[in-house]
Amino acid sequence: MANYTRRQFVRAGVLGAGACGLHMFISPARHADTIFAAETPLQILIDNAPVARYWISANTENVSCSSCHEDDNVQLSEHHLHEEAVILCQLCAQECIIFPGERGLCRARINVGGELRSLVYGHPVSIHVDPIEKKPFYHFLPGSEAFSISTAGCPLHCQFCQNWQLSQMNPEDYSGRFISPEEIISSANRNNSPVIAYTYNEPTVFTEYLLDISRAGKRDGIRSVLISCGFMNSTPLADMCEVLDAIKIDLKGFSEEFYRNVCHAELTPVLRSIRQVTDSGVHLEIVNLVVPTLNDSELHLRNLCNWVFNEIGPDVPIHFTRFHPDYRLMNLPPTPISTLENAREIALDTGIHYPFVGNVPGHPGNHTYCPGCGRIVLERSGFFLRANHIHDGKCEFCETEIAGVWE
């Protein structure tokens, strides 16, 4: 039985009436009898995997058939028990239908006997201390160091992924011991990092771990930030917004066609997430990786900037970032710097206050300019802060308020 998103599941007609409903990529095992082989790396993960959040089972009482079926005609007068305890994962917008022994598209969550379990809780595969500017956050505690962690897995399959060695891998492809949330906090303290960043892969897949770390960090005065594709559902995002201090969302393009063909996802849930973060009051920054021939047209960039300006206002920082050939798009050239400069000019012309040219070290578009007097208030060299002319949240030259989190 293959993995299905909710949409693919319905279109494929798999359920009939009366049902409710840093290696090369390794496909998930296909059947329960192969998944549960004794003492494999996967089996060891399964044996210790905690029950995940954000899912329902088709065999749970009071579950509506419409949870899994889009067909209004599929309704039962009595609760239907499936022969197999099928699960609908509600963590991200893929909404995978997962049969026993199977995983969702992210490969990080598995149906074990009718329970959805997290294979990545407590199993970071990359830990590093980075400048906060590398995330990139340009208007959140500039000059700070971020204790950065990731696991394996991602619900998207972007052909241009810059971190595919993590995002497109299975959790069992990496070995390592269990690391508790408290130990992550202790390590961040030892490294004098005031911020923990969930990054590199898509942190939505380890939401439960992220929430526990963030809550523990708050007790120690440590901030938490998320670097995300924004493809999560609204309930888990609401839980994240309660404990996170900043969120960076990749708005990878501004057309459904681009998202479907290049990212194997959809645009609408990402726009919904951006609005939700804005409404929550959590600090937000947006990144648009500009990929030659795919999302770099002037119309595309203007539509993106107009949406941001009209929907969430002029003060959200937008990073137009340079693409480098990687993963499955080795055939494309790096983004011309002139394209990024044009994107920045379009944003300024639209009325956006803080557009940046990203991934071009030394470019003047890396600096933050005061929207009042036009002078540099945050001067950067690569990922490092060289000068800070913001005092009490204002430009020290003209006292215009600069949007961001500064202390």
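The chain is numbered in sequence order, starting from 1.
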More than 12 heavy atoms of other residues, nucleotides or ligands under 6.0 Å from CZ of R375: yes or no? no
Can you run down the ring pair (Phe, Tyr, Trp, His ring centres under 6.0 Å) pairs that involve residues 201-224, sequence neighbours left out, and say none if there aren't any? Y121-Y209
Without hydrogens or angle criteria, can the side chains of T278 and R275 be said to hold a donor-acceptor pair below 3.5 Å? no
Under 3.5 Å donor-acceptor, N288 side chain and V290 backbone: no
Is a side-chain donor or acceptor of E256 paired with a backbone partner of L267 at a separation under 3.5 angstrom? yes
List the steps, then state whether salt bridge (charged side-chain N to carboxylate O under 4.0 Å, His left out) holds for R272 with E266. CA-CA 11 Å; R272 180 191 65 211; E266 295 183 0; over 6 Å; no
Do T204 and M240 have side chains that get closer than 4.5 Å, going by heavy atoms? yes
Looking only at the side chains, is there a donor atom on one of H139 and E285 sitting less than 3.5 Å from an acceptor on the other? no
List the steps and the verdict of ring-ring contact (aromatic ring centres under 6.0 Å, His included) for Y138 and F356. CA-CA 9 Å; Y138 276 12; F356 299 100; 4.8 Å; yes
In short, P171 meets A108 closest at the heavy-atom pair CG-CA, 4.1 Å
Between H300 and F258, what is the ring plane arrangement, given parallel below 30°, perpendicular above 60°, and tilted in between? perpendicular
Should E345 and L348 count as side-chain neighbours, where that means a heavy-atom distance under 4.5 Å? yes
Going from CZ on R107 to CG on L119, what distance comes out if it is rounded to the nearest 0.5 angstrom? 11.5 Å
Pairwise distance CD1(I185) to CZ(R215) - rounded to 0.5 angstrom: 12.5 Å
OG of S297 to CZ of F254: how many Å apart, nearest 0.5 Å? 12.0 Å
Looking at E311, I'd like to know if its CD atom is crowded, meaning that more than 12 non-hydrogen atoms belonging to other residues, nucleotides or ligands lie closer than 6.0 Å. yes
Report the C-alpha distance between I249 and S273 in whole Å, list the side-chain angles of each, state the deciding distance to 0.1 Å, and finish with yes or no for side chain to side chain contact (heavy atoms under 4.5 Å, CB included). CA-CA 9 Å; I249 289 182; S273 292; 4.2 Å; yes
Can you give me the closest heavy-atom contact between G114 and N111, atom names plus distance? N-OD1, 2.8 Å
Any heavy-atom pair between the side chains of P124 and Y200 that's under 4.5 Å? no
Student check: side-chain heavy atoms of E202 and P155 closer than 4.5 Å: yes
Main-chain N/O of V120 paired to T151 side chain as donor or acceptor, under 3.5 Å: no
To check you understand the geometry: which heavy-atom pair defines the closest contact between G393 and W406, and what is its length? CA-CD1, 3.5 Å
Search all heavy atoms of S150 against all heavy atoms of N201 and return the closest pair with its distance. CB-OD1, 3.3 Å
Using only atom types and a distance under 3.5 Å, with no angle test, would you say the side chain of S180 pairs donor to acceptor with the backbone of E183? yes
Are the side chain of R380 and the backbone N or O of N366 linked by a donor-acceptor pair below 3.5 Å? yes
Using a distance-only test with no angle check, is there a side-chain donor-acceptor pair under 3.5 angstrom linking Y354 and T368? no
Taking Q276 for the side chain and S234 for the main chain, is one N or O donor matched with an acceptor at less than 3.5 Å? yes
Heavy-atom distance under 4.5 Å between the side chains of M232 and L226, does that happen here? yes
Show the numbers, then the answer: is there a side chain to side chain contact (heavy atoms under 4.5 Å, CB included) between L91 and W55? CA-CA 7 Å; L91 178 63; W55 58 275; over 6 Å; no
Side chain Q94, main chain L156, donor-acceptor under 3.5 Å: no
Considering all heavy atoms, the nearest Y369-P364 contact: OH-O, 2.9 Å
Please tell me whether K248 and T199 have a donor and an acceptor in their side chains that are separated by less than 3.5 angstrom. no
Would you say the side-chain atoms of H324 and D326 include a donor-acceptor pair closer than 3.5 Å? no
For a side chain to side chain contact (heavy atoms under 4.5 Å, CB included) with R322, tell me which candidate from V357, V291, L340, T339 qualifies. L340
Quick one: does any side-chain atom of R344 pair with a main-chain N or O of P355 as donor and acceptor, under 3.5 Å? yes
Within a radius of less than 6.0 Å around CZ of F178, do more than 12 heavy atoms belonging to other residues, nucleotides or ligands occur? yes
With rounding to the nearest 0.5 Å, note down the distance linking CG in L329 to CD in Q162. 9.5 Å
Would you call K135 and H319 a side-chain contact if the rule is heavy atoms closer than 4.5 Å? no
Minimum heavy-atom separation for L301 to A343, with atom names? CD1-CB, 3.9 Å
Is it true that atom CD of E399 has more than 12 heavy atoms of other residues, nucleotides or ligands lying nearer than 6.0 Å? no
Under the 3.5 angstrom rule, does the side chain of D220 hit a backbone N or O of A216 as a donor-acceptor pair? no
Would you check, one step at a time, whether the test side chain to side chain contact (heavy atoms under 4.5 Å, CB included) holds for V195 with F137? CA-CA 12 Å; V195 176; F137 282 108; over 6 Å; no
Compare all side-chain heavy atoms of L378 with those of I402 and state whether any distance is below 4.5 angstrom. no
Distance check, rounded to the nearest 0.5 Å: T350 atom OG1 versus N306 atom CG? 5.0 Å
Less than 4.0 Å between a side-chain N and a carboxylate O, is that true for K218 and E242? no
Do L45 and I110 have side chains that approach each other closer than 4.5 Å (heavy atoms only, starting at C-beta)? no
Could you walk me through whether N295 and L304 satisfy the side chain to side chain contact (heavy atoms under 4.5 Å, CB included) test, starting with their C-alpha distance in whole Å, then the side-chain angles of each, then the deciding distance to 0.1 Å, before giving a yes or no? CA-CA 10 Å; N295 67 352; L304 185 152; over 6 Å; no
So CG of L289 and OG1 of T335: to nearest 0.5 Å the spacing works out to 6.0 Å
Closer than 3.5 angstrom, by distance alone: can the side chain of D296 be matched with the main-chain N or O of T293 as a donor-acceptor pair? yes
